[in-house]
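Following: one structure in structure tokens, then a few remarks.
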Amino acid sequence: LTPMDELLKYYTEYGQEHVFQFLPQLTEGEKSFLAQDLKGIDLKRLQQTYKTVAETKITSKPILEPFPNICKVFGTEDDRDHWNDVGLHNIAEGKLAILLLAGGQGTRLGTVYPKGMYDVGLPSAKSLFQLQAERLIKVQQIAAEISGKKDVAIPWYIMTSESTKETTRDFFSKHGYFNIDPKNIYFFEQGMLPCITPGGKIIMETPFRVAKAPNGNGNMYQALHVSGALADMKKRGVEMVYQYSVDNILVKMADPVFAGFCFENKADCAAKVVPKSHPEESVGVVCMVDGKPGVIEYSEIDKETATSVDEYGSLRFNAGHVCMNMYSVEFLERILSQLDLLPYHVAKKKIPAVDSDGKTKTPSENNGWKLEQFIFDVFGMANNMKVFEVVREDEFSPLKNGPGSNVDSPSSCRKSLSDLHKKFIRTSGGFIRSESEENLVEISPLVTYNGEGLDKVVRGRTFTGDNVHIEN
């Protein structure tokens, strides 16, 4: 049998022989591409996943309870200073790494390139990637100063997807890795899964290409192992990993306070949360699900639960999960043997598919399923899960929507960063006199990480004009 015959036999065994329907019309190059595309698909696993998802019936509502003992960072100034020191000393010892989820393209922003390359319109015109890199450099400097160590490096692991991997690497290379040593940046790739019909058939995007989609941020755990990133962490002596998403313009890179809290409490898994902006905000909630730590999606919370309050009048389910999590390396290793237990979730989508004439058409209604794993589905495997509430205005402003949107847009991100930096200046004894609230204030991350050391730059000064940009 030829290699193509072997593939045809394999796919026929699993009832997926339709993927070869255009084989007679394909060129040699297209046949080669098709064979390569099909070789990487584990049909047994795909069939099992489909069967599990298709047969899963929600028989009863889960029992939900608020997560106990959430640490509220804004109420504990002495603790915060202590955790900051603990975090910085562990950073100086090389025990903390950061992990960026950067698989998303800026489609909703009206661009075709990775979201991290987006410039929201700050006076500096810096991309999200550059802002993050410069915050990383600054926190390394602070850790070096406090510990007396000369070279402090925080390894930066960046998970891309098939659609963002080359462009992201090229962008970093073109910008000289933003003055970070490339040996401390580790790119790896999220897995892909075929898109399938509700009947379990693989969807073909073209006569020789399978329609595929990234298999959710929960694939991160498997990808860390398969790519060698987890082994690299162990080799470097990393003990904790702080994970975040690319689209949060306010992310505190390698946050020493959160890190110190997790090191001191020996957390194997921890999540940052923010209080919900209103009871029915479209955000998942960290809580106890059937007695174990988990996240309940906003679409799965009924109105009565979402709006229920405790004896003090506060929302019972108020811990909004914002995809900023901490893991011990030991936990990431331990759960490898349990990843097969992670559920897949179905996203019903309009998936471009080939018609009977071999032409690719985008349907007007949902025609297929994308199968995804969610990052928070491992929380129930933790032995010592911690939840850390932070101030939204200081730490969370995501970029989800394009220009013109009122929320989670370039303009809302600009305003969030500007408002935070105005607060830094006022707290440090500076003044801002501006004609309009629309005027922006931006302070380079290389000047200050979280407002520290600014008094010598701004005390007694009055900043005026359309936009204020402090670069050094």
Distance from Ile142 atom CD1 to Thr448 atom OG1, nearest 0.5 Å? 7.0 Å
Please examine the side chains of Phe67 and Val285, heavy atoms only from C-beta on, and report whether any two atoms are closer than 4.5 Å. no
Strictly below 4.0 Å, N to O, side chains only: are Glu330 and Lys266 in salt-bridge contact? no
Does Tyr221 form a side chain to side chain contact (heavy atoms under 4.5 Å, CB included) with Tyr327? I'd like the steps, not just the answer. CA-CA 11 Å; Tyr221 307 105; Tyr327 309 93; 2.8 Å; yes
Check Arg236 with Asp232, please: is the shortest side-chain N to carboxylate O separation under 4.0 Å? yes
Kindly determine whether Glu442 and Arg414 satisfy salt bridge (Lys or Arg N to Asp or Glu O under 4.0 Å), including the steps that lead there. CA-CA 9 Å; Glu442 181 187 2; Arg414 282 196 303 271; over 6 Å; no
Given Cys323 and Leu101, is the side chain to side chain contact (heavy atoms under 4.5 Å, CB included) satisfied, shown in steps? CA-CA 10 Å; Cys323 209; Leu101 305 185; 4.1 Å; yes
Can you establish whether the number of heavy atoms outside Asn179 located under 6.0 Å from its atom CG is more than 12? no
Between Lys115 and Asp247, does at least one N-O distance fall below 4.0 Å, as a salt bridge requires? yes
For a quick test of reading the model, state the closest non-hydrogen atom pair linking Glu395 to Leu250 and the distance between them. C-CB, 3.6 Å
Kindly say whether Ser412 contributes a backbone atom to a donor-acceptor pair with the side chain of Ser416 at under 3.5 angstrom? yes
Ignoring hydrogens and angles, tell me if any N or O in the side chain of Asp268 forms a donor-acceptor pair with the backbone of Phe331 under 3.5 Å. no
Work out which heavy atom in Cys269 is nearest to a heavy atom in Ala382; give both atom names and the distance. CB-CB, 3.8 Å
CG/Leu224 to CD/Glu333 distance, rounded to the nearest 0.5 angstrom? 11.0 Å
Aromatic plane relationship, Tyr157 with Tyr186 - under 30° parallel, 30 to 60° tilted, over 60° perpendicular: tilted
State, with a plain yes or no, whether a side-chain heavy atom of Pro194 is found less than 4.5 Å away from one of Ile203. no
So for atom NZ, which belongs to Lys126, do other residues, nucleotides or ligands contribute more than 12 heavy atoms lying within a distance under 6.0 Å? yes
Of all heavy-atom pairs between Val238 and Leu96, which one has the smallest distance, and what is that distance? CG1-C, 4.3 Å
Centroid separation His321 to Phe379 less than 6.0 Å: yes
Does the side chain of Ile70 come within less than 4.5 Å of Phe388's, by heavy atoms? no
As an exercise, state the distance from CG of Asn69 to CG of Asn265, rounded to the nearest 0.5 Å. 10.5 Å
For Lys165, does its backbone N or O pair with a side-chain atom of Thr168 as donor and acceptor, under 3.5 Å? no
Is any NZ, NE, NH1 or NH2 atom of the basic residue among Glu365 and Lys350 found under 4.0 Å from an Asp or Glu carboxylate oxygen of the other? no
Given side chain to side chain contact (heavy atoms under 4.5 Å, CB included), test Asn325 with Val241 step by step and report yes or no. CA-CA 8 Å; Asn325 305 304; Val241 185; over 6 Å; no
Tyr298 vs Glu280 side-chain heavy atoms within contact, under 4.5 Å: no
Short N-O contact, Arg316 and Glu65, less than 4.0 angstrom: yes
Inspect the contact between Glu205 and Lys212 and indicate whether a charged nitrogen and a carboxylate oxygen are less than 4.0 angstrom apart. no
Between Asp181 and Asn184, is there a side-chain heavy-atom distance shorter than 4.5 Å? yes
Compute the ring centroids of Phe187 and Phe172, then answer whether they are less than 6.0 Å apart. yes
Output the distance between atom CG (Asp79) and atom NZ (Lys72), rounded to the nearest 0.5 Å. 15.0 Å
Side chains of Gln243 and Met324: closer than 4.5 Å at any heavy-atom pair? no
In terms of heavy-atom contacts, does CD of Glu471 have more than 12 from other residues, nucleotides or ligands at under 6.0 Å? yes
Using the six-membered ring wherever Trp is involved, compare the ring planes of Tyr244 and Tyr242 and label them parallel, tilted or perpendicular (cut-offs 30° and 60°). tilted
Any Asp377 side-chain heavy atom under 4.5 Å of Val295 side chain: no
Using every non-hydrogen atom in the two residues, find where Cys287 and Leu64 come nearest and quote the distance to one decimal. SG-CD2, 4.2 Å
Is it true that Lys272 and Glu389 have a side-chain N and a carboxylate O under 4.0 angstrom from each other? no
Salt-bridged, Lys252 to Asp394, with N to O below 4.0 Å? no
Test your reading of the model: is there a side-chain donor-acceptor pair from Ser428 to the backbone of Phe424, 3.5 Å cut-off? yes
Taking atom NZ of Lys400 and atom OG of Ser409, what is their separation to the nearest 0.5 Å? 13.0 Å
With salt bridge (Lys or Arg N to Asp or Glu O under 4.0 Å) as the criterion, how do Glu281 and Arg392 come out once you've worked through the C-alpha distance, each side chain's angles and the decisive distance to 0.1 Å? CA-CA 13 Å; Glu281 182 184 5; Arg392 182 188 290 252; 2.8 Å; yes
Is there a side-chain contact between Trp369 and Cys195, using heavy atoms and a 4.5 Å cut-off? no
Answer yes or no: is there a donor N or O on one side and an acceptor on the other, between the side chain of Tyr449 and the main chain of Met253, under 3.5 Å? yes
What's the spacing between Ile98 CD1 and Met326 CE if we round to 0.5 Å? 10.5 Å
Taking atom NE2 of His225 as the centre, does the number of heavy atoms from other residues, nucleotides or ligands within less than 6.0 Å exceed 12? no
Is there a donor-acceptor contact under 3.5 Å from the side chain of Asn84 to the main chain of Arg80? no
Would you call the rings of Phe171 and Phe178 parallel, tilted or perpendicular if under 30° counts as parallel and over 60° as perpendicular? tilted
